[in-house]
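This report refers to the structure that appears directly beneath it.
Just so it is clear: chains get the letters A, B, ... in the order the sequence lines come, proteins before strands, and each one is counted from 1.
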Amino acid sequence: MIQFVLKRLGTTIPTFIGVSIITFLFIRLIPGDPILIMAGERGMSAERHAKLLAQYGYDQPLWQQYWDYLSGMLRGDLGISFRTKRPVWDEFFALFPATLELSVCAIIFSIIIGIPSGIVAAIYRGKWPDQLLMSTALVGFSMPIFWWALLLIIFFSGTLGWTPVSGRISLLYYFPAETGFMLIDAWRSGQEGAFRSAIDHLILPTIVLGTIPLAVIARQTRSAMLEVLSEDYIRTARAKGLSPFRINGLHALRNALIPVITVIGLSVGTLLAGAILTETIFSWPGIGKWMVESIRSRDYPVVQGGLMLIAGMVMLVNLFVDLLYGIINPKIRKS
Amino acid sequence: MAIVDTQIEAIEQQRPGRFREFWNYFSENRGAVAGLIVFLSFILIAIFADVLAPYSPSDQYRDHLLQPPFWQEGGTTEFLLGTDAVGRDMLSRLIHGARFSFFIGLIVVSISLLSGVTIGLIAGFVGGWVEIMIMRLMDVILAFPSLLLALVMVAILGPSLINAMLAIAIVLQPQYVRLTRAAVLAELPKDYVTSARMVGSGTLRLMFITVLPNCLAPIIVQAALSFSTAILDAAALGFLGLGAQPPKPEWGTMLSEAREFILRAWWLVTLPGLAILITVLSINLMGDGLRDALDPKLKRS
Amino acid sequence: MALLEVNNLTVEFKTSQGPFRAVDSIDVAVGANDVLAIVGESGSGKSVSMLAVMGLLPWTATVTADSMMFNGVDLAGLDSKQRRDIVGKDMSMIFQEPMSSLNPCFTVGFQLREALKAHLPLSRRERKHRAVELLEMVGIPEPTKRLGAFPHQLSGGMNQRVMIAMAIACKPKLLIADEPTTALDVTIQAQILELLLELNQQHDMALVLITHDMGVVAETAQRVSVQYAGQKVEEQSVEALFATPRHPYTHALLAALPERATGKMLPSIPGVVPGQFDRPSGCLFSPRCEFATELCVKEVPIANSDDPTSVRCHYPLGKSASVA
């Protein structure tokens, strides 16, 4: 197991360095001078220009700049936002809980519905429950989620008036963001209706963000179950006279979960990409919306730092998933 | 992919038989056939958009602003699917939108497939540090959420449809590299490769003529998948204002323009998204059918 | 009254190219404490017929039989719940591949205790105790420690012993062993067979041994049923079968035994068992039979079910073999 962890780290570190080089080079690839872009159409004096170049370190040789970038990153310094003049690192971690809260809800939603759907489809393979569930999953898999969000808004917020259209909580409530997780903060504030309001605001974004992972998980669960159900040990379990519930829900599922967990881990990247669209549509103040706004306003330190941190998060989650994979797959754990 | 094991000499004669076998499996899958039919009509609409569309996609009919589709009160058969906020015919814009999506898919798949397969072949054949460098670079690209990477690239290159396509192609290309390399590594130790080597085939010939045809199945399936991903991602970029720019009738861009009318004119929001969904769904149906028909592992014995 | 008595069992599989008959009108009878060997090449439907008795065939299979009596109960008339009460308790089965027949995600002990839990009203502690006892019974050293092991940590022979322990956990009246030793080393094979016979004698348990190995048959069985392409061609006591094989197929199988080889070359049966598409008309064995005549190619031979010595052949050997 230790060997497995070390081996896995051995591939993560070069990837991390590669990611840092790519994100570093991005800004240098932009045609023109970043300082002048920041100044916009107002322009600036040559003196001030030189001063800013020095302040952002753009006058150093390239390798020196990279070194400063890398060592800064390890110290938690990713530069200053052009737009807000605040450290990129601080902004990221102030906004990150909002994205994390939404992503966790979305992944829970997709697992709770996706895995049982996949199991049912596999058990009734070729019959109508299978066909219905898998057609629905394929539609979900093909869904342009930004459009799906608009449809849900039209129906649930417009026609039915059940859910709010944007934000994380109603403007009626105010309390300090202690953890950054609205559900927890609202619960702890003790204000009547605050928690309910936070939940109401979460429902549609969760559905929208969870749709594609849900479809992927359902499809993967079905195919993994089908593969496992034809294994010899399932025949053994049946030869023991076990109930179908125990055979499908324990013997088959336990083995089928191994590839499903991998897919759930891989969908973290999809989730963050989906968060960009979901947060923009629902005005959800998280990383995705922040990145889009920074890209639109050409706030390069934020684009660079945010990209780096998001890629770092993805790599971290992939590492975690691989280790988890090692734990749930006894063949790796013990050997 | 052990479609053909060692019968090199028989490959050429087997081709028609293999295609027939493939078609038998494919046509058994009703969903896949339906997907194929929709996709073919989509291509025809894209090619003959000029002939099919009743109006030009950019002509504005100022007397018919935000007119609903014909079956709804206030709609006329003059504009079958209604008009948008500046009086352009929705149907014509949707038909021309098909052209955009089709070319986006086609170009993105061509770029990512050609470069990805070539790089994958090089990685598989050359090995050593070249292979390690290539695969690490692909890991690096895969560490970024694809849409985000495309967004950032567009931000650097400037928002336009061409840049969006280029960015999506770069983001999709590692999949091909990985698939091709894995397939090559699986094929290389086989007897037919060794015998081709012994009769003195050059490396290029080995790569493209001997080995590549036997790795095609997963690549074809991936091509279908990335065609639909390309359409979705390009629409998403258009929706965020970083892909095709208005007034181009690209479906994602149309949706983005329609957002402010979301509660007033449902057809502006519903129809372009439906067009995206149907197109992507048909390609994915087809892709599933392709995968089942090409993957010998899943074939019934 | 036999313990297991199956009449006219037929199993058909649905395939994309039409139905395939894997078992064709077979009768099986096993008495309490019997050891019946079912022999035949791969593809002769030996396993399928027993899987049908256990009710373990996939949904693509259609099983029909005139009767399927086990221990006084007609298995065909049971619903799945009632059937599950019998399967794994009074009638159990072990398989060819011990490595893949155990669930890789659970410990050996878990899988063993689960078999007990499914059928016997034992407490947690009693189950654990019984599990140790069972592992001891099948000859696994350090049974308490082995309970915590995963299948991939044990050898094939050990895993097969675990499978046997699981199968005999609820003291079954009938154990079906489907090629239990094929995947194992030769030395381990003998041990496993010995273990099975011991259980058969000491625990009053009937044994059905499915095998393609005539050597195994000679060492273990009391009676032998020979199957070919889904049909039973003959059934005799083991001594009689080895002395006077009556069906040419049995004859050929015996001739292929190394111990019986007379010349320098080991005789073999040319060709393979017919599959779904190359079923001959007439006698199914006729294309490979050295005694086949025009009659064999044209007409299907039928065994007389009232006469136990009757075989599915137009020209049974034995009496006439000396003439030929």
Side-chain angles (χ1 to χ4, degrees), chain A residues 11-12 14-19 21-23 26-27 29-31 131 134-135 138-139 141-148 150-151 153-154 157-159 165 219 223 226 268-277 280-281 288 291-292 294-296 298 300 303-304 306-307 310-312 314-315 318, chain B residues 31 35 132-133 135-159 171 228 231-233 235-236 238-242 251-252 255-256 258-259 262-263 266 269-270 272-285 287-288 297-298:
Chain A
T11 60
T12 304
T15 312
F16 176 81
I17 293 172
V19 166
I21 293 176
I22 298 253
T23 50
F26 262 136
I27 292 209
L29 286 176
I30 300 163
Q131 286 168 349
M134 284 306 116
S135 316
L138 194 69
V139 172
F141 183 64
S142 311
M143 190 65 87
I145 60 165
F146 44 96
W147 176 65
W148 178 226
L150 297 180
L151 283 192
I153 290 175
I154 291 179
S157 309
T159 311
V165 181
R219 280 159 63 92
S223 72
L226 283 182
V268 169
T270 323
L271 216 59
L272 286 173
I276 296 169
L277 294 163
T280 306
I281 293 168
M291 285 299 283
V292 171
S294 305
I295 287 169
R296 285 211 184 110
R298 305 189 162 238
Y300 291 115
V303 174
Q304 180 184 45
L307 194 62
I310 290 175
V314 172
M315 280 189 288
N318 285 348
Chain B
I132 293 176
M133 289 300 286
M135 296 325 286
R136 281 289 153 274
L137 187 61
M138 296 306 132
D139 283 351
V140 169
I141 298 179
L142 287 171
F144 299 101
S146 60
L147 185 64
L148 181 63
L149 192 59
L151 267 178
V152 171
M153 278 195 261
V154 169
I156 291 168
L157 301 169
V171 168
S228 59
I231 292 179
L232 273 180
D233 280 358
F239 180 75
L240 291 172
L242 292 163
W251 291 336
L255 266 175
S256 156
R259 270 188 75 186
I262 176 169
L263 296 178
W266 61 267
V269 177
T270 318
L274 202 60
I276 302 173
L277 176 63
I278 291 174
T279 310
V280 171
L281 185 62
S282 74
I283 298 170
N284 285 344
L285 273 170
D288 275 7
K297 249 199 339 193
L298 294 170

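When each of Asp139(B), Ile262(B), Asp233(B), Leu137(B) is checked for heavy-atom pairs under 4.5 Å with chain A, Ile262(B) comes out on top. Here Gly273(B) is the residue among Ser256(B), Pro272(B), Gly273(B) with the most heavy-atom pairs under 4.5 Å with chain A. For chain A, the option among Ser228(B), Ala235(B), Pro159(B) with the highest count of heavy-atom pairs below 4.5 Å is Ala235(B). In terms of non-hydrogen atom pairs under 4.5 Å with chain B, the most contact-rich of Val303(A), Leu138(A), Ile310(A) is Leu138(A). Of all the listed residues (Leu147(B), Leu285(B), Leu240(B)), the one sharing the greatest number of non-hydrogen pairs under 4.5 Å with chain A is Leu240(B). Chain B forms the most heavy-atom pairs under 4.5 Å with one residue out of Val19(A), Val139(A), Val314(A), Asn318(A), and that residue is Val19(A). Listed options Trp147(A), Trp148(A), Phe141(A) were ranked by heavy-atom pairs under 4.5 angstrom with chain B; first place goes to Trp147(A). The candidate from Ala311(A), Ser223(A), Gly312(A) with the greatest count of non-hydrogen atom pairs under 4.5 Å with chain B is Ala311(A).
Residues Ile276(B) and Pro144(A) approach most closely at CG2-CG, 3.6 Å, considering heavy atoms. Residue Ala155(B) comes nearest to Tyr300(A) through the heavy atom pair O-OH, 4.1 Å, listed as atom of the first residue, atom of the second, then distance. Between Leu255(B) and Phe146(A) the shortest heavy-atom distance is CD1-CE1, 3.5 Å. Nearest heavy atom pair, residue Phe144(B) against residue Leu307(A), reads CE2-CG, 3.5 Å. Scanning both residues, Ile276(A) and Leu151(B), for their nearest heavy atoms gives CG2-CD1, 3.6 Å. Considering every non-hydrogen atom in both Leu277(B) and Ser142(A), the closest pair reads CD1-O, 3.6 Å.
Using a 4.5 Å cut-off on side-chain heavy atoms (C-beta onward), Met143(A) and Leu281(B) make no contact. With a 4.5 Å cut-off on side-chain heavy atoms, Phe239(B) and Thr280(A) do not count as touching. In this structure, the side chains of Val269(B) and Ile154(A) come closer than 4.5 Å at one or more pairs of heavy atoms.
One distance of note links CG of Leu142(B) with OG1 of Thr15(A); it measures 10.0 Å at 0.5 Å rounding. Here the straight-line distance linking atom OG1 of Thr11(A) with atom CE of Met135(B) works out to 12.0 Å at 0.5 Å rounding. Taken to the nearest 0.5 Å, the CE atom of Met153(B) stands 11.0 Å off from the CD1 atom of Ile295(A).
Only the side chain of Val292(A) comes within less than 4.5 Å of a heavy atom of chain B; its backbone N, CA, C and O stay farther away. The part of Asp288(B) that comes within reach of chain A is its side chain, from C-beta onward, which places non-hydrogen atoms under 4.5 angstrom from that chain. Interface remark: Leu242(B) contributes side-chain atoms only to the contact with chain A (heavy atom separation under 4.5 Å). For Thr159(A), no part lies under 4.5 angstrom from a heavy atom of chain B. For a residue to count as touching a neighbouring chain, one of its non-hydrogen atoms must lie under 4.5 Å from one of that chain's; by this rule Ile281(A) touches chain B with backbone and side chain alike. Interface remark: Leu274(B) contributes backbone and side-chain atoms alike to the contact with chain A (heavy atom separation under 4.5 Å). Residue contact with chain A, scored on non-hydrogen atoms closer than 4.5 Å, involves the backbone and the side chain of Thr270(B) alike.
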